[in-house]
Number of protein chains: 2
Amino acid sequence: MARIDPAPNAPQGPVIERRSGITLWRQIEQSIEADIVGGRAVSGSRLPTEAELACRFGVNRHTVRRAMEELERRGLVRIEQGRGSFVAEDVIDYRIGPRTRFSEVIARNNRAPSGRILSIAEVQASDAAAAALKLRRGRRLWCVERLGLADGVPVAYALHHFPRARFPGLAEALARGGTLTRALAACGLADYARATTRVTARLPTPREAEHLRQPRNRAVMVCENVNVDQDRVPVEYCVVLYPAGRVQLVFEF
Amino acid sequence: MARIDPAPNAPQGPVIERRSGITLWRQIEQSIEADIVGGRAVSGSRLPTEAELACRFGVNRHTVRRAMEELERRGLVRIEQGRGSFVAEDVIDYRIGPRTRFSEVIARNNRAPSGRILSIAEVQASDAAAAALKLRRGRRLWCVERLGLADGVPVAYALHHFPRARFPGLAEALARGGTLTRALAACGLADYARATTRVTARLPTPREAEHLRQPRNRAVMVCENVNVDQDRVPVEYCVVLYPAGRVQLVFEF
DNA sequence: ATGAATTTGTACGTATGTATT
DNA sequence: CAATACATACGTACAAATTCA
């Protein structure tokens, strides 16, 4: 669709001026920045290619590149060779301490926390779960599959394991709705705290990627947590997956 | 492919006995386990395909699979669909606390720590570095590129940043050899501790993968640390990459 | 598995404007 | 004023990574 040139000159969408005292690349930088902070370019979405931006602004590709470099350095966009440029997503600082609670962490990042129980099942303790909970392998556990969201975007996919012997009514309490913490309270667990956290990372399985709504070739952080009650008796072993692009784990000392 | 019963001859390497009272798959499991713990199958290396193992042991592939499933469940091997089976690498528990020192962590994992300075350069503080070190962007920093090894295997690739103003002689001190901690001591820093650690993960760049000697499609954990002196003044900002398959970060509360 | 097409990254060269010496 | 240094902008070519048929 050949577009007719608007006048004999300048076929450019956004307004940039030559010889205005402000460099072209900085005007372009500000124009794109305005689109991002103004919400016209949504978080995580793809920006036009360098070639297209150059055309739109009526400048050389290198001038666009100069602007994009600055935007990347400032953390507003993310540039990936061979793929394109993307509006940087605002990363959640997931501050982990002995009393970390999902909803509080999300709230502190000025996002609306929500959770979704995907499934509740009865399973046998794996080696890892048994070791963490200090019971014999094969003992019955509740396995709760749960998705944590911030502003409706998945930020945590967790498999929680609880000894069934200690919380016989957990499945029912959860089925009645409410948060995990509340269901545990209903089962007699007044308080719990984190004892250890082990962090590693890997690529997600297709299923995990789907749950977290993220590309398969982007890493997830895997956290293995052991939670204990007031007497430091292990009450929960859980494995949480965090999408690396959306979450940053923070530990303070 | 009618297989002749292992009656007179039987072209099989490892010895397994039929009708011995021990199931075939368990004998196979033990045979492979012996290879692994005996060091004949080296950590991280590929195991023969199921088909080849079946041939070697003179059994059906499903019998081998039964053994492999058990070995995977026990954490001795790692099975990847479409790729093969691999001897699980013994993961280093990288226990992170306020006083974590690389060589101590490695030693506690019964490995021999070593380090290699890859480069020392003078750079300008990025936004992240400037924020962490609480100085203005663009201030001059020493950037030390360093590889940490355990038994000669890379387990950490780090970029350490130090304010040049505070440690003018750091480059020379390092050039004379010795550890980072010692060079810092020579520059007047008696003691330092970790203030914060931020963890995320991603796929490595080709260069990083090469340094860490790991495949490009396996994730690395990225730790951003801020170290402070006795007065809690930031003295170091460093970004450390850990190969996810070889290192597990451990936080205790 | 291979190759073409797309997209970003790097490296030249050239010209011009601006600020400093 | 001239000379110098530096930043800006455009042009071209090719390298490297990714995607997709």
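Throughout, a chain's letter reflects where its sequence line sits, starting with A, and its residues are numbered from 1.
- Between B/L180 and B/R146, the closest side-chain pair of non-hydrogen atoms falls below 4.5 Å.
- When each of A/N109, A/V155, A/V247 is checked for a side-chain contact (heavy atoms from CB on, under 4.5 Å) with A/Y94, only A/V247 meets the rule.
- A side-chain donor-acceptor contact under 3.5 Å links A/T100 to the backbone of A/R95.
- Note: CZ (A/F86) to P (D/dT18) measures 11 Å, nearest angstrom.
- Residue A/R83 has no polar side-chain atom (N or O) positioned under 4.0 Å from OP1 or OP2 of D/dA17.
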Item to check | Residues B/R164, B/E122; criterion salt bridge (Lys or Arg N to Asp or Glu O under 4.0 Å); working and verdict | outcome: CA-CA 8 Å; B/R164 198 192 55 163; B/E122 212 183 311; 2.6 Å; yes
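- Remark on the helix from C/dT2-D/dA21 to C/dT21-D/dA2: inter-end axis angle 10°, axes from five-pair C1' superpositions, rounded to 10°.
- Evaluation of the side chain to side chain contact (heavy atoms under 4.5 Å, CB included) rule for A/V91 yields A/Q248 as partners, not counting sequence neighbours.
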Next on the checklist: Under the criterion side-chain hydrogen bond (donor to acceptor under 3.5 Å, both in side chains), I'd like the reasoning laid out for B/H161 against B/E236: C-alpha separation, chi angles, the key distance, then a yes or no.
Outcome noted: CA-CA 6 Å; B/H161 297 82; B/E236 175 183 7; over 6 Å; no
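- Rounded to whole angstrom, the span from the CD atom of A/Q81 across to the C1' atom of D/dA17 amounts to 5 Å.
- A/R78 places its CZ atom 15 Å from the C1' atom of C/dT7, with the value rounded to the nearest Å.
- Distance A/E50 CD to C/dT6 P: 16 Å, rounded to the nearest Å.
- The distance from atom CD of B/E208 to atom P of D/dA17 is 13 Å, rounded to the nearest whole Å.
- The side-chain tip of B/R194 does not point at the ring of B/F102 from less than 6.0 angstrom away and within 45° of straight on.
- Summarising the geometry, the separation between CE on A/M68 and P on C/dG9 is reported as 9 Å, rounded to the nearest angstrom.
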Heteroatom pairs (N/O) under 3.5 angstrom, protein to nucleotides 6-12 of chain D:
from: D/dT8; atom 1: OP1; to: A/W25; atom 2: NE1; distance (Å): 3.4
from: D/dA9; atom 1: OP1; to: A/L24; atom 2: N; distance (Å): 2.4
from: D/dA9; atom 1: OP2; to: A/L24; atom 2: N; distance (Å): 3.4
from: D/dA9; atom 1: OP2; to: A/W25; atom 2: N; distance (Å): 3.2
from: D/dC10; atom 1: OP1; to: A/R18; atom 2: NH2; distance (Å): 2.4
from: D/dC10; atom 1: OP2; to: A/N60; atom 2: N; distance (Å): 2.9
from: D/dC10; atom 1: OP2; to: A/T63; atom 2: OG1; distance (Å): 2.3
from: D/dG11; atom 1: OP2; to: A/N60; atom 2: ND2; distance (Å): 3.4
from: D/dG11; atom 1: O6; to: A/H62; atom 2: NE2; distance (Å): 3.4
from: D/dT12; atom 1: O4; to: A/H62; atom 2: NE2; distance (Å): 2.5

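- For the residue pair B/Y157 and B/E208, no side-chain donor N or O sits within less than 3.5 Å of a side-chain acceptor on the partner.
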